[in-house]
Amino acid sequence: MTSEPIRFTDGAGYDRFMGVWSRLAGKEFLAWIAPQPGLRWLDVGCGNGAFTQLIVEQSAPISLVGIDPSEAQLVFARQHPLLKSVEFVNADAMALPFQDATFDLAVMPLVIFFVPVPAQGVAEMARVVAPGGTVAAYAWDMEGGGFPYRDVTEALSAVGRSTPMPPSPEASRLDVLRDLWATAGLRDIQTRAIAVERTFGDFDDFWNTLLGGPSAGQALAAMNEVERSGFRDLLQARLQPAGSGPITLAARAHAVRGTVPGP
């Protein structure tokens, strides 16, 4: 059975579901690429602006553009006080609406596995970054068990429910990321893994976070009340055997960076 595409229509729900995770991994990612202040940034697949906020807070960009195909996500991002100076554009990662060499640095946070043709997305980032600039990304290790909510997707599968999946999960592998960057002509390619943890106050906190998510939330919304209640009990028994207390989950992202060669 083929699951429907993931729909990103709720900026606030996404922020609670994935934005917190994005910032946890994003802080380590930014420290790793160690950009100089005063650069021209492009945030490809900026979503609701979770990672965009980190760029503003930590990297002192001279200019910052965020692109995303979801207008609902962009509306949420535009409302954030920290992001008033950011230009948000509704656009496709595989056809960036910018001239060559417009930016000093392009990043793709938790997005490359959503790009139908990842090589085209990387080539577009390389095209719009000036020689000597950086093209970088990080993505959950989808095939290696690094997705933050893998316990949920496994539990859903166990009860015969599919979870919407990104079109290119293989693009999150370190070897594939390195090959994508090399194929785009980027140089000085480096990769690394980033491990993060997040603690939820109790199971209600975790469950309500799931309900607002774009993937698990869609699967849960498709259940009737009896099915959803039964699944909630099953999931709580799996994640919280003691029946109460906080829940800590671990996740792993893969990161890649490369330099645009000179003329």
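Below, all heavy atoms of this structure are taken into account, side chains as well, without hydrogens, waters or symmetry copies.
Listed for the R198 side chain is no donor-acceptor partner under 3.5 Å among the backbone atoms of V20. With hydrogens and angles ignored, the 3.5 Å screen pairs a side-chain donor or acceptor of R40 with a backbone N or O of T102. Listed for the R192 side chain is no donor-acceptor partner under 3.5 Å among the backbone atoms of W32. In this structure, S157 contributes its side chain and T153 its backbone to no donor-acceptor pair below 3.5 Å. When atom types are taken as modelled, the side chain of E143 and the backbone of P169 share no donor-acceptor pair closer than 3.5 angstrom. Put simply, the side chain of R161 never gets that close to the backbone of L220: no donor and acceptor are under 3.5 Å apart.
A salt bridge is absent between E225 and R232; no separation between the charged side-chain nitrogens and carboxylate oxygens falls under 4.0 Å.
For Y149 against F17, the heavy-atom pair with the smallest separation is OH-O, 2.5 Å. When all heavy atoms of Q53 and R23 are compared, the closest pair comes out as NE2-NH1, 3.9 Å. Closest non-hydrogen pair, P109 versus V44, comes out as CD-O, 3.4 Å. Here the closest non-hydrogen pair linking V56 and P61 is CA-CD, 4.2 Å.
Counting heavy atoms from C-beta outward, T52 and W41 have side chains that stay 4.5 Å or more apart. Put simply, the side chain of V260 does not reach to within 4.5 Å of the side chain of F103, judged on heavy atoms.
The aromatic ring centroids of F113 and F147 lie 6.0 Å or more from each other.
Linking ILVMFWY residues whenever their side-chain heavy atoms come closer than 4.5 Å, directly or via other members, places F29 and L39 in the same cluster. A single hydrophobic cluster is not seen to contain both V111 and I33; linkage of ILVMFWY side chains at heavy-atom distances under 4.5 Å, directly or through other members, places them apart.
The NE2 atom of H254 lies 12.0 Å from the CE atom of M142; values are rounded to the nearest 0.5 Å. In this structure, CG on D205 lies 5.0 Å from CZ on R16, to the nearest 0.5 angstrom.
Residues satisfying the side-chain hydrogen bond (donor to acceptor under 3.5 Å, both in side chains) test with N208, not counting sequence neighbours, are none.
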Take V115 and Q120, measure what side-chain contact (heavy atoms from CB on, under 4.5 Å) needs, and give me the verdict at the end. CA-CA 9 Å; V115 180; Q120 187 173 339; 5.9 Å; no

